[in-house]
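These notes concern the structure reproduced below.
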Amino acid sequence: MSEQIRIVVAGAERQVDAGTTAADLFADERTVIAARVGDDLVDLSRALNDGEKVEPVEIASDDGRAILRHSTAHVLAQAVQELFPEAKLGIGPPVENGFYYDFDVAEPFNPDDLKRIEKQMQRIIKERQQFVRRAVADDDARAELAGEPYKLELIGLKGGAADAAEGASAEVGAGELTIYDNVRRGGEVAWKDLCRGPHVPTTKHVPAFKLMRVAAAYWRGSEKNPQLQRIYGTAWESKEELQAYLDRLAEAERRDHRKLGAELDLFSFPDEIGSGLPVFHPKGATIKMEMENYSRQRHIDAGYSFVSTPHITKAHLFETSKHLEWYADGMYPPMHLDEERDADGNIKRQGQDYYLKPMNCPMHNLVFRSRGRSYRELPLRLFEFGAVYRYEKSGVVHGLTRARGFTQDDAHIYCAREDMKEELARLLTFVLDLLADYGLDDFYLELSTRDPEKSVGDEQTWKEATQILEQVGTESGLELLPDPGGAAFYGPKISVQAKDAIGRTWQLSTIQLDFFEPELFELEYTAPDGSRQRPVMIHRALFGSIERFLGVLTEHYAGAFPPWLAPVQVVGIPIADQHTPHLDDVADRLRARGVRVEIDTSDDRMQKKIRNAQKQKVPYMLLAGDDDVAKGAVSFRYRDGTQKNGVPVAEAIEEIVSAVERRVQV
RNA sequence: GCCCGAAUAGCUCAGCUGGUCAGAGCAACCGCCUUGUAAGCGGUAGGUCGUCGGUUCGAAUCCGACUUCGGGCUCCA
């Protein structure tokens, strides 16, 4: 008769033999791959103690998938070391949708290696190797892992692992060190790795995985460290889920704005101009113009004043703003102008450095400072579609979402300190309303706070600004996530993150509070009592960059823009040549209402014209044949393939105009 | 900036280990054709194989540098 213990299993108290494991409890449930005891995730093989609360962890849960992915990373590392015995192990944590493992190898992996590694992983999975946990003393671990320099480094960092590198905490936790042995059925240890766990019980518990790509990554995330070879993979609880994930990736690829931009003839990045510098073709420029026009109108309605400032300026301005002190790396190098030399090469006249502007705020400050300002003018909201140029590092440029030249829908609001909270709250409402009109309505907020290494000003002022932003963010009712150290050098910010049609999030609007630039520029206004006061400055961009937002919208809509933004809103398709005049007449009436309409008079056949318009994702195809002409009607074909025949022309026009005016998607 | 990969006609791509390798489809242009919801038929034109240099009797093919792109890392005021 063995000793009994009392435990709580999934909420129900039970009495079991001492030494009972979680695996015993959930033996019938094949989808349970780990257990949660109290707050900790543990292996199923862990023996339970008296009084513990045990919950099953399903493989299809967030925790379950993370464990599965972490275990798959182990299988990957084992496969790599079997094929490349000289490979040294870095770290191998689960990440969103998958996992990676870093290796130090003499030769980088190539795509063929990836296939071989994948095969080797399948072999290991087939062998049904057990993941066996074993606690080790630090010194013993050092001895056992003498051949793994990176693991040794992690042992040294134990406890501080969370700071050591993202993912390092998956290897060494804060408590005792553990090693996981991968044990073959005969009891032979096939492989081992320093790891905190937990893991799935055996390699056979990896139902579906795929290696995705190789890339280099700096050891512990620092540019100063050597680069390791990182292999990314994904793992899922079933083949179906894996396939669904791959389908989602394929869907994202279909929506890629760089691809759609070329297919829909919206924009391009000519090599001749340079990296990260887009040109907009007529159709892309039409969308951009519509976006700007609507935004402009909304800003007028909201009491903004419009300004316009140059693209380049003398260095002094950016010295004043401290951009050259804090941000010179991100700026294009200066143009040195106006220097004169005599015949001997001696400088007769000192030259000047001119810089392309990376931000508009210093220029707006000069507008503010151009004359005396009264409290009656505040809040003064200066708005500009300002073109800025940032010398992004060559490896980060990415389509329209990370360009070197782009247009900010930038405003700087100067207001009295006591008014800033109200102004910020109004601003947030304005931002969210406007974004919703562009078809985005699923948001959360992020509060980016000071990075002491990269900021100007004093702690107290930062604290005050951060508190106000936090308050406004919280009061908005939206979820507010912290982003420590993410602030600009001059102040904290709230950013609006928007979810798109397939659930990806994009950082769009930013609202930054700045007490320092007004000081640097010695901005002042006269208060009611005649005293001189310093205004607070709010930096804000709604789209962030118009180009980037256009890219985001392209992906959000998969190129099928709502009628008000669609570059071509209507294509008229005659069934045969003789129906063209009827459509021309309809087109004239649509144009008179401001609709962008084209009649396809090419000598393609009707079916081909439909295909062409469909591929261009034109919202409305208007067909006309004998029946329609006779009745003074047109026939609609919509993007989804549905049709509505014999619609009287006047009615058809109203339907289209109404959809454009209401900015709805169809 | 770092690592890996890529660059062939406007687009998508074929062209294997250097020697009929300058190719296809779509697009463009020219003809013919045209009646109801995603590709009618035929023809023509179009490329110093990203650029520059090297190896070689010979380079789209091998090597180097640069440019641009892609995937990551780092970065993103």
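Chain naming here is simple, since letters A, B, ... match the order of the sequence lines and numbering starts at 1 in each. What's counted below: heavy atoms across the whole structure, side chains too, no hydrogens, waters or symmetry copies.
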Residue-phosphate contact under 4.0 Å: [X] side-chain N/O, [N] OP1/OP2:
X: A:Ser275; N: B:C69; result: yes
X: A:Lys608; N: B:A27; result: yes
X: A:Arg605; N: B:C33; result: no
X: A:Tyr232; N: B:C73; result: yes
X: A:His398; N: B:C76; result: no
X: A:Arg213; N: B:G71; result: no
X: A:Lys393; N: B:G72; result: no

Using both distances under 3.5 Å as the test, list the Watson-Crick or G-U wobble partner of [N], or none.
N: B:C62; result: B:G54
N: B:C2; result: B:G72
N: B:U20; result: none
N: B:U48; result: none
N: B:C29; result: B:G43
N: B:A7; result: B:U67

Quick one: label [X] by what it contacts on the DNA or RNA (base, sugar-phosphate, nothing), any heavy atom closer than 4.0 Å.
X: A:Asp271; answer: sugar-phosphate
X: A:Lys493; answer: sugar-phosphate
X: A:Gln607; answer: sugar-phosphate
X: A:Pro574; answer: nothing
X: A:Asn612; answer: nothing
X: A:Ser635; answer: base
X: A:Gly544; answer: nothing

task: Hey, which sits more toward the 5' end of RNA chain B by its nearest nucleotide, A:His323 or A:Ser602?
output: A:Ser602

task: Nearest-nucleotide wise, let me know which of A:Arg611 and A:Val397 is further upstream toward the 5' end of RNA chain B.
output: A:Arg611

Just compare [options] and give me whichever is closest to any side-chain atom of [X].
X: A:Arg402; options: B:U37, B:C75, B:G70; result: B:C75
X: A:Glu223; options: B:U74, B:C73, B:G36; result: B:U74
X: A:Ile575; options: B:G36, B:U74, B:C75; result: B:G36
X: A:Ala217; options: B:U74, B:A39, B:C73; result: B:C73
X: A:Asp603; options: B:C33, B:G1, B:U37; result: B:C33
X: A:Ala576; options: B:U37, B:U74, B:U34; result: B:U34

message: Run A:Arg254 and A:Glu251 through salt bridge (charged side-chain N to carboxylate O under 4.0 Å, His left out) and show every step you take.
response: CA-CA 5 Å; A:Arg254 269 192 292 280; A:Glu251 175 61 23; 2.9 Å; yes

message: I need the minimum non-hydrogen distance between A:Tyr101 and A:Ala73, along with the two atoms involved.
response: CD1-O, 3.3 Å

message: For a quick test of reading the model, state the closest non-hydrogen atom pair linking A:Ile599 to A:Ala587 and the distance between them.
response: CD1-CB, 3.8 Å

task: May I ask you to check if A:Arg69 and A:Phe99 form a cation-pi contact, with NZ or CZ under 6.0 angstrom from the six-membered ring centre and within 45° of the axis?
output: no

task: With A:Arg404 as the cation and A:Tyr391 as the aromatic partner, state whether NZ or CZ is under 6.0 Å from the six-membered ring centre and within 45° of the axis.
output: yes

Between [N] and [M], how far is it from one [atom1] atom to the other, in whole Å?
N: B:A60; M: B:G72; atom1: C1'; result: 29 Å
N: B:G23; M: B:C41; atom1: C1'; result: 23 Å
N: B:C26; M: B:U67; atom1: P; result: 38 Å
N: B:G19; M: B:C62; atom1: P; result: 11 Å
N: B:U55; M: B:U74; atom1: P; result: 42 Å
N: B:G25; M: B:A9; atom1: P; result: 16 Å
N: B:A59; M: B:G54; atom1: P; result: 12 Å
N: B:C4; M: B:G42; atom1: P; result: 48 Å

Using whole Å, report how far [atom1] of [X] lies from [atom2] of [N].
X: A:Lys224; N: B:U74; atom1: NZ; atom2: C1'; answer: 10 Å
X: A:Arg404; N: B:U68; atom1: CZ; atom2: C1'; answer: 11 Å
X: A:Lys454; N: B:C75; atom1: NZ; atom2: P; answer: 7 Å
X: A:Lys259; N: B:G70; atom1: NZ; atom2: C1'; answer: 14 Å
X: A:Phe269; N: B:G70; atom1: CZ; atom2: C1'; answer: 13 Å
X: A:Asp600; N: B:A39; atom1: CG; atom2: C1'; answer: 13 Å
X: A:Glu446; N: B:C76; atom1: CD; atom2: P; answer: 14 Å
X: A:Met212; N: B:G72; atom1: CE; atom2: C1'; answer: 13 Å

- request: Sugar-phosphate means primed atoms, P, OP1 and OP2; the rest is base. With that split, encode nucleotides 2-12 of chain B 5' to 3' as B, S or - using protein heavy atoms under 4.0 Å.
  value: BBS--------

- request: Mind running salt bridge (charged side-chain N to carboxylate O under 4.0 Å, His left out) on A:Lys88 and A:Glu153 for me, showing each step along the way?
  value: CA-CA 12 Å; A:Lys88 301 299 177 207; A:Glu153 195 175 326; over 6 Å; no

- prompt: For A:Glu459 and A:Arg450, what are the C-alpha separation, side-chain angles and deciding distance, and is it a salt bridge (charged side-chain N to carboxylate O under 4.0 Å, His left out)?
  reply: CA-CA 9 Å; A:Glu459 183 56 37; A:Arg450 185 181 194 186; 2.9 Å; yes

query: Which of parallel (below 30°), tilted (30 to 60°) and perpendicular (above 60°) describes A:His412 and A:Tyr414?
result: tilted

message: Ring-plane angle category for A:Tyr638 and A:Phe636, please: parallel below 30°, perpendicular beyond 60°, tilted otherwise.
response: parallel

Inter-residue atom distance A:Thr461.OG1 - A:Leu513.CG, 0.5 Å rounding: 10.5 Å

- prompt: Yes or no on side-chain contact (heavy atoms from CB on, under 4.5 Å) for A:Thr401 and A:His257, after CA distance, side-chain angles and deciding distance?
  reply: CA-CA 9 Å; A:Thr401 56; A:His257 74 279; 3.8 Å; yes

- prompt: Crowded around A:Lys259 NZ? As in, over 12 foreign heavy atoms under 6.0 Å?
  reply: no

task: Examine the base of B:G40 for any acceptor or donor lying under 3.5 Å from a partner atom in the side chain of A:Asp604, and report the outcome as yes or no.
output: no

